[in-house]
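All values below come from the heavy atoms of this structure, side chains included, with hydrogens, waters and symmetry mates left out.
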Amino acid sequence: AVSGSVTIVASANSASITFNNCSDVPGQVLNGSVSATGVSETSTSFAATFNVDLTFTETGSQALRLVGNFSISENCASPGVNCVGTFSGSSLGAAHGSEVWYISSFSITAVDVVGGFVDVSASYTVSSSQLNGSVQVITSPPIRFAAGANYPESGTIQITGANSTSAVITINSSVPSDSNAVLVQVDRSE
């Protein structure tokens, strides 16, 4: 509404949106692009690969840049039933001034389980200027959610950092008032 242009290019199985000095509010500008390739969809499946490189600027603030390469897929036994969804890729991150956060070599999978549960498995590396390095995150066993629940009811998250330091978070209950709902164990190797 204020300035700039948006270019959209689409075909049967791909699309891209490019923002060139776009501004809907004075002092805010968006530049960059988002693209989807290899898009395929049926009544029981969806898959696409995405590339993102967007920069938001606002007068008086440092620029925020979002970049990433990732894929999203879902396969179901029948429409909306017994689905497996996966979010995976090589990198996804953000930079705001000198602060940088990103995840790499990531795979997060949600699986519908008999009985109305969803199991979430994850493996990724988080790197950040705030961490002064990176940590590896793995769920094993998967984090289990009951259908419609706000909190998981079971599972384990293991976070491993420099010098094999680690933290293990074990989920025992989905009831926040339960004093044993979550167990956190820290093992610091010297």
For S43, enumerate each residue passing the side chain to side chain donor-acceptor pair (under 3.5 Å) test, keeping only those at least two apart in sequence or located in another chain. none
Locate the shortest heavy-atom distance separating S88 from S107; write the atom from each residue and the value. CB-CA, 4.0 Å
Result of checking T165, V137, V168, V186 against I159 for side-chain contact (heavy atoms from CB on, under 4.5 Å): V137
For F145 and A149 the tightest heavy-atom approach is CD2-O, 4.3 Å
To the nearest 0.5 Å, how far apart are OG in S164 and CG in D187? 9.0 Å
Report yes or no: do V111 and I143 belong to one cluster of Ile/Leu/Val/Met/Phe/Trp/Tyr joined by side chain heavy-atom distances under 4.5 Å? no
L54 and G32 have their tightest heavy-atom pair at CD2-C, 3.9 Å
Please enumerate all residues that pass disulfide bond (SG atoms under 2.5 Å apart) together with C22, with sequence neighbours excluded. none
Does the side chain of P142 reach to within under 4.5 Å of the side chain of V120, using non-hydrogen atoms? no
Nearest heavy-atom approach of V118 to A110 is CG1-CB, 4.0 Å
Do F117 and I171 belong together in a cluster built from hydrophobic side chains that touch within less than 4.5 Å? no
Which value, rounded to the nearest 0.5 Å, describes the distance between I103 atom CD1 and S90 atom OG? 10.0 Å
With sequence neighbours left out, the residues meeting side chain to side chain donor-acceptor pair (under 3.5 Å) with N21 are N31
Would I108 and I169 show up in the same hydrophobic cluster when neighbours are defined by side-chain heavy atoms closer than 4.5 Å? yes
For the residue pair A146 and E153, what are the closest heavy atoms and their distance? CB-OE1, 4.1 Å
Intermediate values then yes/no, side chain to side chain donor-acceptor pair (under 3.5 Å), T49 and S71: CA-CA 4 Å; T49 299; S71 296; 3.1 Å; yes
If you take all heavy atoms of A63 and T57, which pair is closest and at what distance? CB-CG2, 3.7 Å
Please identify each residue that fulfils salt bridge (Lys or Arg N to Asp or Glu O under 4.0 Å) with D53, with sequence neighbours left out. R65
Separation between OG1 (T109) and CD (E74), nearest 0.5 Å, reads 11.5 Å
Hey, what do you get for CH2 (W101) to OG (S129), rounding to the nearest 0.5 Å? 7.5 Å
Residues forming a salt bridge (Lys or Arg N to Asp or Glu O under 4.0 Å) with D112, sequence neighbours excluded: none
Can you run down the disulfide (SG to SG under 2.5 Å) pairs that involve residues 82-186, sequence neighbours left out, and say none if there aren't any? C76-C83
Does anything in residues 32-60 pair up under ring pair (Phe, Tyr, Trp, His ring centres under 6.0 Å), and if so which pairs, sequence neighbours excluded? F50-F70
With rounding to the nearest 0.5 angstrom, report the OG to NE2 distance, S61 to H96. 6.0 Å
Would you say the side-chain atoms of E58 pair up with the backbone N or O of V29, donor to acceptor, closer than 3.5 Å? no
Qualifying residues under ring-ring contact (aromatic ring centres under 6.0 Å, His included), relative to F106, sequence neighbours excluded: F87
What's in the same ILVMFWY side-chain cluster as V100, cut-off under 4.5 Å, chained through other members? Y102
Using a cut-off of 6.0 Å, state whether more than 12 heavy atoms not belonging to D178 lie near its atom CG. yes
Between S123 and I138, is there a donor-acceptor pair closer than 3.5 Å when you use the side chain of the first and the backbone of the second? no
Approximate separation, where rounding is to 0.5 Å, of N69 CG and S35 OG: 8.5 Å
S73: partners by side chain to side chain donor-acceptor pair (under 3.5 Å), with sequence neighbours left out: none
Yes or no on side-chain contact (heavy atoms from CB on, under 4.5 Å) for E41 and V39, after CA distance, side-chain angles and deciding distance? CA-CA 7 Å; E41 182 179 17; V39 178; 5.6 Å; no
Would you say the side chain of T139 lies within less than 4.5 Å of the side chain of S121, judging by non-hydrogen atoms? yes
Side chain to side chain donor-acceptor pair (under 3.5 Å) partners of S91, counting only residues at least two apart: none
Under 3.5 Å, is there a donor-acceptor pair between the side chain of N172 and the main chain of N180? yes
Could you give the side-chain donor-acceptor pairs of residues 4-20 under 3.5 Å, partners two or more places apart or in another chain?
from : atom 1 : to  : atom 2 : distance (Å)
S11  : OG     : S14 : N      : 3.4
S11  : OG     : S14 : OG     : 2.8

